[in-house]
Enquirer: 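Next up is a structure, given as structure tokens.
Along the sequence shown, residues carry numbers from 1. As the structure is a computational prediction, the values presented were derived from the model and not from experiment. Start at 1 and go down the list; that is how both ligands and their atoms are numbered.
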Amino acid sequence: MTVTLHGYKFSVYSRIPRMICHEKGIELEWVEVNPFDDTTPESYETLHPFRRVPVLQHDDFTLYETGAISRYLDENFPGPSLQPKNPRHRARMAQTISIVDAYVYWPLVRQVFSHRVFAPRFGEPSDEDAIAAGLATSKGVLAALEDLASGDAGIISAQVTLADFHLVAMIDYFVMADEGAAMLARYEKLSAWWDGIRARDSVIQTAPL
Ligand SMILES: N[C@@H](CCC(=O)N[C@@H](CS)C(=O)NCC(=O)O)C(=O)O
């Protein structure tokens, strides 16, 4: 039984299943794929027609889309369950994952982190307008997450769930920008959640930068 993840070392989405595997004690084989590199072979499209990462392969089963991968890992492997049984908490978990995909990734990661932290670190040009736009959008996004945050161990319930790991990957990059860290600090429940979850071994062991 082999579990292989095709992912990119700096990718937030690739980090999510890595954290989940760590939490559940699943051994993972890693295949490095840089989706931003034009030299990635066309054959990769047989695994992911949109040329993104990650892709999971479990024996003869191939799966892309991180939300689906997270659930598959949680439901098919032993270890602590990362999905609440309570239907309302489960719905909040699904809602939070959807918010991360639709509203968090672009402003917090691709606009603020990429231009403020990643591009300068790797000698690439960065765009101040993109940072300003990302920060402006991030305010509303963090306010919405603060409204949903439970104030318990997990973002949406006392139990740590898949939603926590989807959000961790994004927030960890966002707070590497000084403006991101300052903005998060204004949200009490989100800050308390972040201070607790960032100490987990799965988060520390998968830190990308
Ligand atoms: N909906 C996809 C999003 C994955 C995604 O956007 N991954 C980024 C890396 S973090 C990527 O591959 N980007 C390549 C690109 O934008 O061309 C998922 O949930 O897996």
Enquirer: Counting each atom of ligand 1 from 1 as listed, which ones have a heavy atom of V12 under 4.0 Å away?
Expert: 10 (S)

Enquirer: Among D37, V53, V33, V109, which one puts a heavy atom closest to atom 12 (O) of ligand 1?
Expert: V53

Enquirer: Would you please classify the geometry between the F10 ring and the F118 ring as parallel, tilted or perpendicular, with 30° and 60° separating the classes?
Expert: perpendicular

Enquirer: Can Y187 and D147 be counted as having a side-chain donor-acceptor contact under 3.5 angstrom?
Expert: no

Enquirer: Which protein heavy atom lies closest to atom 11 (C) of ligand 1, and at what distance to 0.1 Å?
Expert: R52 CD, 3.8 Å

Enquirer: State yes or no: are the ring centers of F165 and H22 separated by less than 6.0 Å?
Expert: no

Enquirer: Could R116 and E128 be called an ion pair, given the rule that one side-chain N must be under 4.0 Å from one carboxylate O?
Expert: yes

Enquirer: Can K24 and D74 be counted as an ion pair, charged N to O under 4.0 angstrom?
Expert: yes

Enquirer: Suppose I only count heavy atoms of Y105 and a 4.0 Å limit; which atoms of ligand 1 are within that range?
Expert: 8 (C), 10 (S)

Enquirer: Is there a side-chain contact between L56 and Y64 (heavy atoms, below 4.5 Å)?
Expert: no

Enquirer: Which is closest to atom 18 (C) of ligand 1 in terms of heavy atoms, N34, T66, I69?
Expert: T66

Enquirer: Is NZ or CZ of R18 both nearer than 6.0 Å to the six-membered ring centre of W30 and within 45° of the ring axis?
Expert: yes

Enquirer: For P35, take its heavy atoms, then give the atoms of ligand 1 lying under 4.0 Å from any of them.
Expert: 11 (C), 12 (O), 14 (C)

Enquirer: Considering only heavy atoms of S11, which atoms of ligand 1 have at least one such atom less than 4.0 Å away?
Expert: 9 (C), 10 (S)

Enquirer: Considering distance alone, does some N or O of R51 sit under 3.5 Å from an N or O of ligand 1?
Expert: no

Enquirer: Among F36, Y173, Y13, which residue places a heavy atom closest to atom 13 (N) of ligand 1?
Expert: F36

Enquirer: Taking only heavy atoms of R110, which atoms of ligand 1 are found under 4.0 Å from at least one of them?
Expert: 16 (O)

